[in-house]
Engineer: 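Pasting in a structure now, in structure tokens, and then I'll have a few things to ask.
In what follows, chains are A, B, ... by sequence order, proteins preceding strands, each numbered from 1.
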Amino acid sequence: MYDAGKVIVGLLVFLCLITFPVWYNVGSGKGDFKPDLQLGTQEKECVAPKLQIRASHMQLLDTWRDTVVREGPRLYRTWNGKTFEMSLTKTCLRCHSKKEKFCDECHSYAGVEPNCWNCHVIPKETQ
Amino acid sequence: MMESSRRNFLKIAGLSVLGIGSGAVVGSRARGASKAFSPNPEALTAKRWAMVVDLRAGCPDGCKECIEVCHRIHNVPKIDNPKEEVKWIWTDFYEHAFPGMESRYTEEFVEEALQGSPVILLCNHCDNPPCVRVCPTKATFRRKDGIVMMDYHRCIGCRFCMAGCPFGARSLNWTDPRRYLKPEEVTPDYPTRTRGVVEKCNFCAERLAVGKIPACVEICRKVAEKAGTEPVLHFGDVEDADSEVREMIRAHHTIRRKSHLGTMPQVYYIL
């Protein structure tokens, strides 16, 4: 290989630059940052088991949305037989009343920008 | 081994196709049997919702209150620029509401028989809705009970529906409607819209779902009761032969807006 030294040094510089954000965050102590979620409710159960809701709440919300708007039914019976109104603001946000400390906390961390709130009105914090 | 490979291959292929096919059938049946979703037991249902507007009754407040209530509960912004205005229910002159049915002398009729009151207009929830036909994303669709409904999540703001609707019942949000809604006046239980989305009257589908009649009809009854007059707006199941609206259509000659266009509007006017 011609100019092996230059190429290898160049590659190393490139690697350092592209991984800089990682080193920077580790160096400044942000490496072990975890979202600090505040539930904002005394309720013990959500509309689905915790792990399921954590992994697939977005699919659930999409199903709720299409069912309510396009098919008509408005009530949802959970796996343990409880009935809830399928409503983001009236059901989800009634419990998770601190949107900024719950929804936004994790969404900002994951770099997700759901556009729910362009239209849906954030209920006033009850606590 | 090699001798029978084609035979075996076909056997396995056949079985696989059967297996995949039956899996799909079982899967779809399982989904269909899901009992997770149910309507509210108090919901009002109908085979075909329709409205009768009895213009003879004459609204004591010139239909201001029902417009105000509708726009408030649905977070419809009040924009003064007529090019950007958003409206679900509104009034217009007789000759604009029923073009082709006016003459040099209908002015006198409007003055005398209708006491000069304007005509209340809203989405006609047509049986043959052109807006539904032209919508490229099925954001506008016709429900089984006849309501022409909008799924704002799907609207891309192409405005084909506005071109298709002969009644001007649809409005585009040219700017963010929240700029025109005071935060303290926003109804939290109903979403606002966002820029680039078309909106219109939904026959209060969200109220029917919890057992309430449309807000305009409710307030119209109250206003009429207060003034000691008959209500202008009547709402019901036109497919039900015993319903109030059907009775009114049977007893009186009704006209519909631009019915010659064949959209089959379901808002009937008694003059």
Engineer: Just give me the residue among B/Met149, B/Arg193, B/His153 that pairs up with chain A most often, heavy atom to heavy atom, under 4.5 Å.
Structural biologist: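 When all of B/Met149, B/Arg193, B/His153 are compared, B/His153 has the most.
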Engineer: Are B/Tyr152 and A/Val69 close enough that some pair of their side-chain heavy atoms sits under 4.5 Å apart?
Structural biologist: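 Side-chain contact under 4.5 Å: no.
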Engineer: Are A/Leu75 and B/Pro41 close enough that some pair of their side-chain heavy atoms sits under 4.5 Å apart?
Structural biologist: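 Counting from C-beta outward, A/Leu75 and B/Pro41 do come under 4.5 Å.
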Engineer: Do you know which of B/Arg154, B/Arg143, B/Lys138 has the most heavy-atom pairs with chain A at a distance under 4.5 angstrom?
Structural biologist: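 Top count of heavy-atom pairs under 4.5 Å with chain A: B/Arg154.
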Engineer: With a 4.5 Å cut-off on side-chain heavy atoms, are A/Met86 and B/Phe37 touching?
Structural biologist: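 A side-chain contact exists here, since the closest heavy-atom pair is under 4.5 Å.
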Engineer: Please rank A/Asn118, A/Asp66, A/Val68, A/Leu88 by heavy-atom pairs under 4.5 Å with chain B and give me the top one.
Structural biologist: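 Option with the greatest count: A/Asn118.
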Engineer: Between A/Arg74 and B/Ala205, what is the shortest heavy-atom contact and its length?
Structural biologist: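 For A/Arg74 versus B/Ala205, the nearest heavy atoms are NH2-O, 4.1 Å.
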Engineer: Would you say the side-chain atoms of B/Thr192 pair up with the backbone N or O of A/Cys119, donor to acceptor, closer than 3.5 Å?
Structural biologist: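 Yes: the side chain of B/Thr192 pairs with the backbone of A/Cys119.
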Engineer: Within the 4.5 Å heavy-atom criterion, are B/Lys144 and A/Glu71 side-chain neighbours or not?
Structural biologist: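 Side chain of B/Lys144 against side chain of A/Glu71, heavy atoms only: no contact under 4.5 Å found.
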Engineer: Evaluate whether atom CG of A/Leu15 has more than 12 neighbouring non-hydrogen atoms of other residues, nucleotides or ligands under 6.0 angstrom away.
Structural biologist: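 Yes, the 6.0 Å shell around CG holds more than 12 heavy atoms from other groups.
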Engineer: Can you confirm whether B/Phe160 is buried at CZ, in the sense that more than 12 heavy atoms of other residues, nucleotides or ligands lie under 6.0 Å from that atom?
Structural biologist: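 No, not enclosed.
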Engineer: Is it true that, when you exclude B/Lys78 itself, more than 12 heavy atoms of the residues, nucleotides or ligands shown sit nearer than 6.0 Å to its NZ?
Structural biologist: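 It does not: B/Lys78 NZ has 12 such atoms or fewer within range.
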Engineer: Compute both the distance and the angle, then confirm whether A/Arg70 meets the cation-pi test with B/Phe141: under 6.0 Å from the six-membered ring centre, within 45 degrees of the axis.
Structural biologist: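 Here A/Arg70 passes the 6.0 Å and 45° test against B/Phe141.
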Engineer: Given a strict heavy-atom distance threshold of 4.5 Å, which part of A/Trp117 is in contact with chain B: side chain, backbone, both, or neither?
Structural biologist: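 Answer is backbone: N, CA, C or O of A/Trp117 sit under 4.5 Å from chain B.
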Engineer: For atom CH2 of A/Trp79, decide whether the heavy atoms of other residues, nucleotides or ligands shown that lie under 6.0 angstrom number more than 12.
Structural biologist: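 Counting other residues, nucleotides and ligands, CH2 of A/Trp79 exceeds 12 neighbours.
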Engineer: Step through the shown structure and confirm whether more than 12 heavy atoms of other residues, nucleotides or ligands are within 6.0 Å of CD on A/Gln59.
Structural biologist: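 Check passes, neighbour count above 12.
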Engineer: Is A/Thr63 in contact with chain B via its backbone, its side chain, both, or neither, using a 4.5 Å heavy-atom distance?
Structural biologist: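 A/Thr63 touches chain B through side-chain heavy atoms alone.
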Engineer: Would the number of heavy atoms belonging to other residues, nucleotides or ligands and lying under 6.0 Å from CZ of A/Phe33 be above 12?
Structural biologist: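 For A/Phe33, atom CZ is crowded (more than 12 foreign heavy atoms under 6.0 Å).
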Engineer: Pick from B/Ser38, B/Pro39, B/Pro188: which one has the most heavy-atom pairs with chain A under 4.5 Å?
Structural biologist: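 Top option by heavy-atom pairs under 4.5 Å: B/Ser38.
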Engineer: Answer whether the closest heavy-atom distance between the side chains of B/Arg178 and A/Val121 falls below 4.5 Å.
Structural biologist: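 Yes, side chains in contact.
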Engineer: About how many Å separate CG of A/Asn115 and OG1 of B/Thr194, when rounded to the nearest 0.5 Å?
Structural biologist: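 Going from OG1 on B/Thr194 over to CG on A/Asn115, the span is 8.0 Å.
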